[in-house]
Amino acid sequence: MEYNRCGKSGLLLPQISLGLWHNFGSVDNFENGENIVKEAFDKGITHFDLANNYGPIPGSAETNFGKILKNNFQGNLRDEMVIATKAGYKMWDGPYGEWGSRKYLVTSLNQSLKRMNLYYVDIFYSHRYDPNTPLEETMNALDYAVRSGKALYAGISNYPAEQTKQATEILQQLGTPCLIHQEKYSMFVRTCEESLLDVLEDKGVGCIAFSPLAQGLLTDKYLKGIPENSRAFNPNGHLQLDEVSDAKVLKIVDLNEIAKNRNQSLAQMALAWLLKDNRITSVLIGASSIGQLNNNIDSLQNLAFTPDELNEIEQILK
């Protein structure tokens, strides 16, 4: 595992980070999640990404992660970890349970620390831009989180390019620079290439890509249709059946051929493709098993692309 500098900060993040969005909630097998976290740490993954509402039920991923920390990462091992959490999406009913008010962000951070039994998190994010709350209020809440010692760094996620520029400038004036932006980015979702990545580079902000495998589309799962155990088959999942179109499947098949010629799985190539851009600090993966985790980590064995490979990939993705 190699570690990249996050923007212009002093913090290094592993090329691959582990997200606990799925597979770590109250409905999941705790021992399996615990083993995945331990294996990830042993393989050099030091960055673990959560949010207040991860579960299901909301909050349970943080509760379970807190138990994993207590069972396995006592003492100085906590100091070898970068733990992040977020607030912005709906966490509880009522007027103060979502979006970007100071009330919600600070209250949520306090709840997250209690669930994980931590004194501080390393990164606290505003999870989404709130068009109805002054950006100054949201950024002041992040500044407070850092100045209070409850977080070491401030981050933002899912912010459009223009609001990202404004947010980073406000935080800079407050004396708490924006460390990182977390954005959905994959071969199939490339919106951030339009202007966001340029803003982050200009402002010296790191970028961590989430959903790098497009909710499993960029794997070998969908090469022969939609399996019953897939996210697309689950009506409650984030990947819907209509997203697995015939045209999309043809692209997946063609991309898989390039991956095979590189001696990689499609998932490994998709991760490597993101890491080829030096503006990407880390790629955030999920894992439902140790085998899946290690398969993703093995993408680091071949990060180089030839010009012909990149051109062929671009032609497929058009």
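This one's a predicted model, so the numbers in the text were calculated from it and none came from an experiment. All heavy atoms count here, side chains included; hydrogens, waters and symmetry mates do not.
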Pairwise ring-ring contact (aromatic ring centres under 6.0 Å, His included) hits with a residue in residues 128-157, at least two apart: Tyr129-Tyr159
Qualifying ring-ring contact (aromatic ring centres under 6.0 Å, His included) pairs with a residue from residues 61-85, counting only residues at least two apart or across chains: Phe41-Phe73, Phe48-Phe65
Does one hydrophobic cluster hold both [X] and [Y], with members joined at side-chain heavy-atom distances below 4.5 Å?
{"X": "Tyr120", "Y": "Leu105", "result": "no"}
{"X": "Ile57", "Y": "Ile68", "result": "no"}
{"X": "Leu20", "Y": "Ile83", "result": "yes"}
{"X": "Leu179", "Y": "Leu284", "result": "yes"}

Checking [X] now: which residues fulfil salt bridge (Lys or Arg N to Asp or Glu O under 4.0 Å) with it, not counting sequence neighbours?
{"X": "Lys67", "value": "none"}
{"X": "Arg262", "value": "Glu309"}
{"X": "Asp198", "value": "Arg279"}

Any residue meeting side-chain hydrogen bond (donor to acceptor under 3.5 Å, both in side chains) with Gln163, in chain and number order, not counting sequence neighbours: none
Contacts of Asn311 that satisfy side-chain hydrogen bond (donor to acceptor under 3.5 Å, both in side chains) - sequence neighbours left out: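 side-chain hydrogen bond (donor to acceptor under 3.5 Å, both in side chains) check on Asn311 returns nothing, list empty.
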Lys/Arg-Asp/Glu bridge criterion (N-O < 4.0 Å) met for Lys165, Glu162: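 The answer is no: the pair does not qualify as a salt bridge.
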Cationic N near anionic O, under 4.0 Å, Lys43 to Asp298: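 So Lys43 does not pair with Asp298 through a salt bridge.
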Trp99: hydrophobic cluster co-members (side-chain, 4.5 Å): none
Any donor-acceptor pair under 3.5 Å from Gln166 side chain to Leu135 backbone: no
Contacts of Thr176 that satisfy side-chain contact (heavy atoms from CB on, under 4.5 Å) - sequence neighbours left out: Asp143, Val146, Arg147, Ala154
Lys276: side-chain contact (heavy atoms from CB on, under 4.5 Å) partners, not counting sequence neighbours: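 Residues passing side-chain contact (heavy atoms from CB on, under 4.5 Å) with Lys276: Trp273, Phe305, Leu310.
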His127: ring-ring contact (aromatic ring centres under 6.0 Å, His included) partners, not counting sequence neighbours: Tyr89
Partner set under ring-ring contact (aromatic ring centres under 6.0 Å, His included) for Phe210, not counting sequence neighbours: none
No-hydrogen, no-angle side-chain donor-acceptor test under 3.5 Å, Asp49 and Ser17: no
Pair Thr138, Ser126: side-chain N/O donor-acceptor within cut-off below 3.5 Å: no
Side chain to side chain donor-acceptor pair (under 3.5 Å) assessment of Tyr185 paired with Asp277: CA-CA 12 Å; Tyr185 188 23; Asp277 190 329; 4.7 Å; no
